[in-house]
Structures are given as structure tokens and as C-alpha cells.
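Step one of this worksheet: look at the structure below.
Chain letters run A, B, ... following the sequence lines, proteins first and then strands; every chain starts at 1.
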Number of protein chains: 2
Amino acid sequence: MAEVTLKDVARASGCSVATVSRVLAGTRPVGAETARTVREAAERLGYRPNHVARALRRRATGTVGLVLPQITNPFFPALVQELEHALHAAGRAVLLADCDDDPATEAARIAEFLDRQVDALLLIPVDERRSREAVADAARRVPVVLLDRGCGPGVADSVAVDNAAGMQLVLDHLAAAGRRRPWFVGAAGTTTTAAERRAAYEAGAAALDPEAPGRVELGDFSVAWGRAAVDRIWPSRPDAVVCANDLIAVGALQRLRQLGADVPGEVAVTGFDDVPLAGLADPALTTVRQPVTELAAEAARLLAERSADGGPSDGAGPSRAIRLAPQLLVRASG
Amino acid sequence: MAEVTLKDVARASGCSVATVSRVLAGTRPVGAETARTVREAAERLGYRPNHVARALRRRATGTVGLVLPQITNPFFPALVQELEHALHAAGRAVLLADCDDDPATEAARIAEFLDRQVDALLLIPVDERRSREAVADAARRVPVVLLDRGCGPGVADSVAVDNAAGMQLVLDHLAAAGRRRPWFVGAAGTTTTAAERRAAYEAGAAALDPEAPGRVELGDFSVAWGRAAVDRIWPSRPDAVVCANDLIAVGALQRLRQLGADVPGEVAVTGFDDVPLAGLADPALTTVRQPVTELAAEAARLLAERSADGGPSDGAGPSRAIRLAPQLLVRASG
DNA sequence: ATGCGATGGGAAATCGTTCTCCGATGTGTC
DNA sequence: GACACATCGGAGAACGATTTCCCATCGCAT
């Protein structure tokens with residue numbers, strides 16, 4: 001019942017630990033007869049390799065650290081699920097850290113994971129600027145892949161949705177629907193998602209109305225802000241409220257209904273991300289779907305490549321920034 | 001830049017690895033002067049202890065496996081967040097596994113975590129019966145704490161909300177509001193949450209109407225089922241729809257609105273769990289809040305106790321089942 | 001017969017800590 | 001002054017795997 005070790009299997013099968021290791025790991029050919037004996041003994045004793053000892057010797061834990069801003073952000077659970085599956089399929093276990101949207105905590109958790117000898121890190125940086133130093137440090141030690149949000153150019157490999165393209169999809173759709181007085185409700189933070197979506201709006205909205213790029217309100221990525229923003233912009237009667245993410249859009253939708261506005265007749269509301277909540281809102285939210293599965297798959301692939309290249313960014317080529325195409329989901333809200 | 005080890009620090013500070021280990025781990029008193037020198041050298045070289053080697057020697061990884069049915073279930077992210085924080089505060093890292101609501105996958109992930117030498121397991125079992133064997137096996141090897149859902153009596157320590165008390169809160173509230181024709185929309189699965197909530201409804205509903213305990217529809221814990229269930233029960237015009245969780249309730253709410261029902265005037269709708277979605281529904285959902293923070297804290301506490309007692313359930317006393325008091329949140333839906 | 005390469009197997013070093021012995025040096029007491 | 005005793009430090013054995021040497025054996029060609 002205690003721990004069965006290689007030594008036990010060796011004793012039971014009458015050969016050396018070296019041989020047993022070779023048979024079980026298949027690292028070198030071993031005589032057929034011996035192999036059979038060893039495998040039998042291992043089976044009979046219920047031998048299970050000790051990953052800790054293996055990690056110490058191989059200098060690889062088979063473990064990846066996943067550090068994210070806040071698991072309660074409804075966009076993340078689906079991403080975490082896909083990542084967990086993709087990494088598990090690659091034989092790696094996932095250490096999870098939630099850093100409460102705080103860059104200092106984030107830096108601490110990254111450092112802890114490095115101390116725990118993770119083979120690689122998957123990061124969703126809290127902030128583009130304030131996360132950079134910790135991320136860059138980490139990238140010097142192990143392969144790092146940034147997800148969903150960036151962290152300045154060249155710091156590490158990254159995978160994200162093409163936010164600009166997504167926003168353009170929204171604007172094109174609104175234009176085709178004849179909307180001409182959009183407002184943008186975004187986030188003031190310095191995450192790349194906030195910045196990119198806002199920049200794309202400002203760049204693309206002029207096609208609808210020369211003055212549209214100026215009609216921008218910035219708060220944070222929350223339902224509460226969506227509600228509050230509506231109170232500020234509704235007096236100027238927009239015919240579309242373009243939100244930087246679904247949470248904001250849901251808040252906007254709620255407040256507009258309270259104010260008796262007709263959505264989508266009078267005003268369209270759009271979101272971004274396609275969180276589960278979006279399809280449940282009333283009216284269901286027109287939004288931009290992020291390719292979550294592909295995001296996770298690409299991240300896992302990048303990680304595998306970097307790991308194969310033998311460690312940190314120094315060995316392999318320059319860092320790559322992968323952008324995946326978003327998809328517009330037209331629903332009832334606009 | 002490579003790895004600084006105890007040996008390096010020993011060399012640099014002119015003493016033995018044993019002494020360095022003692023100074024840094026504080027495991028035995030060491031002369032003040034020596035200690036200073038060692039600490040200085042460690043600092044100067046940027047020494048970081050290798051957790052893998054430590055784990056091998058100490059036979060403890062400082063790691064806890066968290067296995068849950070589906071992270072995308074909206075009740076779990078908040079729980080995961082609290083658990084992660086509580087465990088981190090106790091100096092333990094969290095290995096995460098999502099098992100796609102499949103008992104076989106669950107068993108496999110548990111086994112993998114044991115191979116990885118986790119010190120303990122935190123499990124939200126997929127199913128009361130079909131998870132039992134794997135859970136019981138695991139509990140024989142390391143401390144196990146079951147969360148939110150149970151797995152049969154005596155299998156392992158468990159922490160959950162008092163589902164019966166929660167359901168009774170709902171029924172009392174409905175009774176006080178004069179509702180007399182409730183229907184229950186629950187889940188047919190064999191999770192303890194499904195079973196306990198349903199049993200509590202059947203036990204308590206008779207106080208509202210002798211025939212109420214029979215008015216029960218069972219499906220699964222999903223929005224879609226909530227919608228479908230309304231189509232089946234609306235013809236008999238209940239004045240309250242008691243749902244086994246918030247997802248069902250949100251679906252019910254949606255469908256009732258589509259059918260032109262007046263909520264809460266004509267019919268009340270209640271949920272269970274208080275997921276973020278509940279407060280965002282329209283009308284906002286009356287529901288039972290689970291004490292998520294306390295749940296996580298208790299789980300962490302149990303784990304710490306069991307671990308202190310030195311290993312699996314055999315050493316310490318019988319398994320404990322902790323039930324926390326729920327709280328009724330009366331909102332607009334009933 | 002000798003040499004040579006291939007093949008299968010074992011002994012032992014190694015990974016970086018922790019921890020158990022042991023020995024050496026005081027310190028206090030009778 | 002001697003003996004018990006605490007205190008501090010070092011040497012070295014674990015922990016459980018992997019991996020590098022090295023040796024023995026065998027087949028085969030010279």
C-alpha cells in the first residue's frame with residue numbers, strides 16, 4: 001500500500017533499476033524476455049512513477065502555470081477550459097493562479113510558479129504596461145505565451161483575437177443597417193483589449209459619421225459602467241451603442257430598457273467577446289465571438305514549439321504575435 | 001543566470017550545504033554570524049530554493065489538486081477564485097482539472113494528480129454514485145475534501161451549503177407571499193445538489209398545498225431545460241416556479257416573458273446559487289445565495305487539519321460533513 | 001584464432017534538498 | 001578539575017527517478 005518504487009520493481013523482477021527504468025520509459029531497447037518480466041512485475045506491484053523524482057532528474061516538471069486576472073470575468077472560464085484540455089492533451093498539468101486584477105499580485109504569482117519550476121507560463125496580463133516587467137523577466141527563464149491581451153511588442157509570444165477586425169465587423173454591420181449616430185462605450189484601462197477596440201472604433205466610425213470618432217465614453221469592463229454610461233449618452237440620442245465588451249453591453253441594455261428605449265428599433269447595442277451572458281440577455285446581444293478553442297489551441301501549439309526549441313526566447317527566433325479572426329454574431333439587439 | 005543551488009551558496013559563504021539549508025529553512029538554530037553570512041551570500045547570488053528537490057526530499061509538494069465538473073458552470077468560477085486564494089494563503093499551489101462532466105475523465109484526472117504527488121485533493125464530484133469509487137480510492141491515499149456536492153456518506157470530508165435549509169427558505173418566503181400553487185423544476189441527475197433540493201421541495205411544499213409535492217418536473221441544470229419546463233407546466237398555471245438552480249430559473253424567466261406571463265405578479269420564479277447571472281436577469285432573480293467564501297475557507301481548513309493529522313482518513317477520526325447556512329436573496333422575480 | 005561492432009544489462013553518478021548522525025567547542029555545576 | 005550538557009557546524013545518506021559509463025557476451029568477418 002505504501003509507495004512502490006523502481007527499486008521494488010527491480011527486486012521483484014530480478015534485474016536492476018536501470019533496466020526497469022529503460023523498459024518502462026522505453027528510452028533504450030531491452031531484451032524482449034526481460035521487458036516482459038519487468039512489465040509484469042510493475043503491473044503486479046501496481047507501480048506508478050513518481051513525477052517529482054522524475055522532474056528533479058529530467059529538469060522538467062511537465063507543468064504549465066496559468067496566471068489570469070480574474071477567473072470570475074465571464075470571458076475566462078471557457079478559455080480556461082479549452083486551455084486545460086489542450087494542455088492536458090499535450091501531457092502537461094496546469095497550475096492556476098488568479099491575481100485579482102492586480103499587477104503586483106500577478107508578479108508574485110509568476111515568481112512563485114517559476115520557483116515551482118513550471119516548464120512554461122501562459123499569461124493573460126493584467127495590464128499592458130504594469131505587467132510588462134514581470135512578464136519580460138519570466139520570458140527570460142521559461143517559454144511564455146501571452147493570451148487575449150498583449151504586453152508591449154517583442155516581450156513574448158502572444159495569441160489574441162484581432163480586436164480591430166472585430167470592431168470593424170461591428171461597424172460595417174451597423175453601417176449596413178443604416179445606423180449613423182453611434183457612441184462608443186469603452187474601458188479606460190491600459191489593457192490591450194481596451195485600447196485596441198477603442199482605437200479601431202475611432203478609426204472606423206468616421207465612415208458612419210464624421211463626428212462619431214469623438215463620441216466615446218470610457219469607464220471599465222463592467223455591467224455597472226454600462227448602465228452608468230447610458231445615463232451620460234442617452235440624452236444625445238445615439239442610434240447605436242457600441243460597447244467594448246459584453247458586460248458593458250448588458251449593462252447598457254438594462255438601463256436602456258429601464259429608460260423605455262426601444263432596442264433595437266430606436267437604438268442598437270453591440271458587445272464583444274460573446275460571453276454566455278450575451279445570448280441570454282433580452283434582447284439577445286449582437287456581439288463579436290472570440291474563437292476560444294482556436295485561441296487555446298494556438299497557445300498550446302506555441303508553447304510546445306518554444307519548449308521544443310529548448311527553453312526561453314533567446315534560443316529560438318523573435319517572438320510571434322498571432323491574431324485570430326473574430327466572427328460577428330448578429331442577434332436581436334442590433 | 002543558470003540555477004543557483006544550495007551548494008553554490010555554501011561555497012560562496014564558506015560553510016556546508018547543511019548549514020545553508022538550516023539558515024534558509026530556519027529548521028534549526030544557527031549562529032548569528034554564520035546566518036548573516038549565509039543570508040548575504042544567498043541574497044547576492046539570488047538563490048531560490050528548488051521546490052522539486054524539496055518536494056522529493058520532504059515527500060510533500062505543497063500542491064493541491066482541484067478537480068471539478070465544468071469550469072464553465074457559472075457557479076464554479078467564484079468558488080475556484082475563493083479556493084485559489086484560500087489555498088494560496090496556506091502556501092499551497094493549485095493544480096486544476098476540468099473533467100467535462102464525465103466520471104471516467106474525472107477518475108483519470110484524479111489518478112494523474114495522485115501520480116503527480118499532490119498533497120491533497122479538492123473535489124467537486126461529477127456524480128454522487130459514479131464518482132464514488134474513484135473518490136474513495138483517492139481518499140485512501142491523500143486527504144480529500146468534497147465540495148458543493150457529496151459522494152455518499154463516509155467517503156471523505158465534505159463541505160456544502162445546506163440545500164434543504166435553502167429550499168425551505170424559498171418555500172417559507174413563497175408561503176408568506178401567499179403563493180399556493182408552486183411547481184418545482186429540478187434536475188434528474190444523481191448529483192447530491194439535485195437530489196437534496198428536490199427532496200427538500202417535496203418535504204416542504206405540502207405546507208403550501210397538499211398536492212404541491214407532486215408537481216415536479218425534472219430535467220438538467222440548464223437554461224434550455226428551464227425554458228422547456230415552462231412549456232410543460234405553464235398550462236396548469238402555477239403561481240410560483242421553484243427552480244433547482246439559477247440557470248433553470250433564468251430559462252424559465254425568459255420563456256415566461258415570451259409567453260406574456262407577468263413575473264412576479266402572476267407567477268413567482270426562484271433560483272438557487274446566486275450566480276452572477278441571477279442579479280442581471282430581468283426581473284432580477286430571487287434566489288438562495290451560497291456562502292462561497294465560507295465554503296472555500298472551510299474546505300481549506302478541513303484540508304489543513306487532515307494534512308496536519310498526517311495523511312489519509314485512516315489516521316484521523318471519521319469523515320466530517322459540514323453544512324453551511326444559505327441566505328435568501330429576495331429580488332424582483334418573486 | 002583474433003578483432004570488431006552491436007547488443008543487453010548493471011553500477012553508480014546525478015538532480016537539489018532535507019535530515020540524521022557525529023564531532024567539536026564551549027558552559028555550568030559539583 | 002571533571003563531568004554532564006547544550007550549541008553549532010559538517011559529512012553524508014536519503015528521496016526516486018534518469019542517464020552515463022562500462023562490462024560481458026555474441027555474431028561475424030578477417
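- Between the side chains of B:Asp127 and B:Thr190, at least one donor-acceptor pair of N or O atoms lies under 3.5 Å.
- An OP1 or OP2 oxygen of D:dA17 is reached within less than 4.0 angstrom by no side-chain nitrogen or oxygen of A:Ser21.
- We find that CG of A:Leu6 is positioned 9 Å from C1' of D:dT18, with the value rounded to whole Å.
- Reading DNA chain C from its 5' end, the first and the last nucleotide to sit under 4.0 Å from a heavy atom of chain A are C:dG8 to C:dG16.
- DNA chain D is contacted by both B:Leu56 and B:Val30; B:Val30 maps to the nucleotide lying nearer its 5′ end (nearest heavy atom per residue).
- For the pair A:Glu3 CD and D:dA14 C1', the computed distance is 16 Å after rounding to whole Å.
- Atom C1' of nucleotide D:dT18 and atom CZ of A:Arg57 are separated by 5 Å, given to the nearest angstrom.
- For the residue pair A:Thr37 / A:Thr34, no side-chain donor-acceptor distance below 3.5 Å is found, with atom types taken as modelled.
- For the residue pair A:Asp157 and A:Ser319, no side-chain donor N or O sits within less than 3.5 Å of a side-chain acceptor on the partner.
- The distance between atom CG of A:Leu24 and atom P of D:dT19, rounded to the nearest whole Å, is 14 Å.
- Between B:Glu112 and B:Arg109 a salt bridge is recorded (basic side-chain N to carboxylate O distance below 4.0 Å).
- Rounded to an integer number of Å, the gap from A:Arg58 CZ to D:dT18 C1' is 8 Å.
- A side-chain N or O of A:Glu106 and one of A:Ser131 form a donor-acceptor pair less than 3.5 Å apart.
- Distance, B:Arg28 CZ to D:dG10 P: 11 Å, rounded to whole Å.
- Ion pair B:Arg36/B:Glu43 not flagged as a salt bridge, since none of the NZ, NE, NH1 or NH2 atoms sits closer than 4.0 Å to an Asp/Glu carboxylate oxygen.
- Side-chain contact of A:Asp98 with B:His88: a donor-acceptor pair under 3.5 Å is absent, judged by distance alone.
- Scanning residues 33-50 of chain A for heavy-atom distances under 4.0 Å to DNA chain C yields A:Thr34.
- Using a 4.0 Å cut-off between charged nitrogen and carboxylate oxygen, A:Glu305 and A:Arg320 count as a salt-bridge pair.
- The pair A:Arg141-B:Glu3 counts as a salt bridge, with a side-chain nitrogen and a carboxylate oxygen less than 4.0 angstrom apart.
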